[in-house]
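The residues of the chain are indexed from 1 along the displayed sequence.
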Amino acid sequence: MKTPKTLKSRQIIGLLSKHAPNGLLDIETASKVLEIEPKKASVRLSALSKRGWIQRVKRGLYYILPLEAKPGQETMMDDPFILAHQLFKEYYIGGWSAAEYWALTDQIFNSVFIVTTENLRAKTISLFGYTFNILRVASIDNAGLKKVWRKNIQIQISTPERMIADSLRNPSMCGGIRTLASIISEYDKKADKNYDVLVEIVKKIGNGATWKRLGYIFEELKLNDHVSKVAEKEISSGVVKLDPSITSRGDFVKKWGMWANASLKHD
C-alpha cells in the first residue's frame, strides 16, 4: 500500500484536494496530509506549482482545482470575497466594495477594497483576474464590522454606517467625496438607516476631519438635522479639505473650518 510519501503527482493532488474544500491549501495542512516536515511540504508544493498542477497564491498558500470539478463549475475563485478571506489574516472588506454589497452605489469599481493590518508593500494585489486595493492600518476597531456568509465561509465586511464613517475620514476609500455624498443620499432612503449608530461609530473611529465632513455634507444635502448639530459640537480647530485628493482649495467655509474644494453633486 502506498503511503503519502510514495504517491505520484496526480495521486498527491487528489489527496490534497480532499483537504482543500475551497480550493486553497497552506503548507501546514499539506505537511500533515503528506506526513512530511513543513519544509519538505513547501518544496513539494513548489515543485507541483512549477509543473502546473497547482497555482501559487502567495507565500505558503496554493490553489488546487478539485479533480472532480466539472468544466464551468463554480469554484471558490469565482468569489473575490472568499479569496480575500484566505489572503488576509486580519482584515475587512470596506470602502466602495462594502457600498456595492449594501446596494448604496450603482457605480462600477474594478477592484475589491480591503482594510488590513498586514504589513504589505503593495497597495494593490492582482490574483485570478481580481484586483485588491489595500489600505494598511495599525489596528482594526471592530465597531460597525459584520460577518456575512459567502458559500461556507464567513467574511468580514463593514456595515453601511462603518463604511460611511471610514469614508468620511478617508474619502478615497469610496472613490472620492462626490461618490460618498451619493452613497449617503442613498443611505438616507433606506428604511433601516440608523443615524444614532453612525454617530456612535464616528465617535469611536473618527477624527476632527471626519466630523467636519459629516456636518458639512448633511447640512448641504439637507439631511438629518440632528447629525449636523452633533457634528458641529464635535469639530476641532484646524482647517481641512472636503476632498484631500484634490489639490485646489475651493471656497472656505468658516463654520466647518473647511475648504469646500469639490461639488457634492454626482453626475
Heavy-atom side-chain proximity of [X] to [Y] below 4.5 angstrom:
X: E219; Y: W256; value: yes
X: L87; Y: I114; value: no
X: V148; Y: F81; value: no
X: I184; Y: D188; value: no
X: I27; Y: Y62; value: yes
X: I183; Y: C174; value: yes

Taking only distance into account, with no hydrogens and no angle test, what donor-acceptor pairs under 3.5 Å do side-chain atoms of residues 226-235 form with protein atoms, sequence neighbours excluded?
from	atom 1	to	atom 2	distance (Å)
S228	OG	D225	O	2.8
K229	NZ	D225	OD2	3.1

N-O pairing of K32 and E28 below 4.0 Å =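 Salt bridge flag = yes for E28 with K32.
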
Hydrophobic clustering (ILVMFWY, side-chain heavy atoms < 4.5 Å, transitive) - are [Y] and [X] grouped together?
X: L25; Y: L48; answer: yes
X: W211; Y: I201; answer: no
X: V112; Y: Y101; answer: yes
X: Y130; Y: I153; answer: yes
X: M173; Y: I125; answer: no

At what distance, to the nearest 0.5 angstrom, does [atom1] of [X] lie from [atom2] of [Y]?
X: N152; Y: I82; atom1: CG; atom2: CD1; answer: 6.5 Å
X: I155; Y: L83; atom1: CD1; atom2: CG; answer: 12.5 Å
X: K212; Y: K255; atom1: NZ; atom2: NZ; answer: 13.5 Å
X: M163; Y: L198; atom1: CE; atom2: CG; answer: 9.5 Å
X: T29; Y: L34; atom1: OG1; atom2: CG; answer: 10.5 Å
X: E37; Y: R44; atom1: CD; atom2: CZ; answer: 12.5 Å

Pair listing, ring-ring contact (aromatic ring centres under 6.0 Å, His included) test, anchored in residues 171-202, at least two apart =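 Listed by first then second residue: Y187-Y195, Y195-F218.
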
What pairs meet the ring-ring contact (aromatic ring centres under 6.0 Å, His included) rule with one or both residues in residues 137-171, with sequence neighbours excluded?
->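 Sorted result for residues 137-171: empty, none.
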
Verify side chain to side chain contact (heavy atoms under 4.5 Å, CB included) between L221 and S185, making sure each step is shown before the conclusion.
-> CA-CA 8 Å; L221 298 182; S185 293; 3.5 Å; yes

Is the backbone of [Y] close enough, under 3.5 Å, to the side chain of [X] for a donor and an acceptor to pair up by distance?
X: R150; Y: D79; value: no
X: S17; Y: G14; value: yes
X: R213; Y: L168; value: yes
X: S49; Y: Q55; value: no
X: T210; Y: N207; value: yes
X: K40; Y: E35; value: no
X: W102; Y: S158; value: yes

Side-chain donor-acceptor distances from residues 240-254 under 3.5 Å, at least two apart:
from	atom 1	to	atom 2	distance (Å)
K241	NZ	I246	O	3.1
K241	NZ	T247	O	2.8
D243	OD1	S245	N	3.0
D243	OD1	S245	OG	2.6
D243	OD2	I177	N	3.1

Ignoring hydrogens and angles, write down the donor-acceptor pairs under 3.5 Å from the side chains of residues 91-100, residues two or more places apart or on other chains.
from	atom 1	to	atom 2	distance (Å)
Y91	OH	H85	ND1	2.9
Y91	OH	Q156	N	3.1
Y92	OH	R162	NH2	3.3
Y92	OH	D166	OD2	2.6
W96	NE1	S111	O	2.8
S97	OG	F113	N	2.8
E100	OE2	F109	N	3.4

Grab the two heavy atoms, one from [X] and one from [Y], that are nearest each other, plus how far apart they are.
X: T159; Y: K146; answer: CG2-CB, 3.9 Å
X: T179; Y: Q107; answer: OG1-OE1, 3.3 Å
X: E90; Y: T117; answer: OE1-OG1, 3.0 Å
X: F132; Y: A84; answer: CE2-CB, 3.8 Å

Could you walk me through whether L127 and Y63 pass the side chain to side chain contact (heavy atoms under 4.5 Å, CB included) test, one step at a time?
-> CA-CA 11 Å; L127 285 171; Y63 176 63; over 6 Å; no

How about K193: does its NZ atom have over 12 heavy atoms from other parts shown lying under 6.0 Å from it?
->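 Yes.
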
Side chain to side chain contact (heavy atoms under 4.5 Å, CB included) between W53 and I12: does it pass, once the steps are laid out?
-> CA-CA 10 Å; W53 287 96; I12 290 175; over 6 Å; no

Could you go step by step and tell me if L45 and L16 meet the side chain to side chain contact (heavy atoms under 4.5 Å, CB included) rule?
-> CA-CA 10 Å; L45 293 180; L16 292 175; 3.9 Å; yes

Could you go through residues 134-142 and list every donor-acceptor pair under 3.5 Å that involves a side-chain atom there, pairing it with any protein atom two or more places apart or in another chain?
from	atom 1	to	atom 2	distance (Å)
R136	NE	E118	O	3.3
D141	OD1	A143	N	2.8

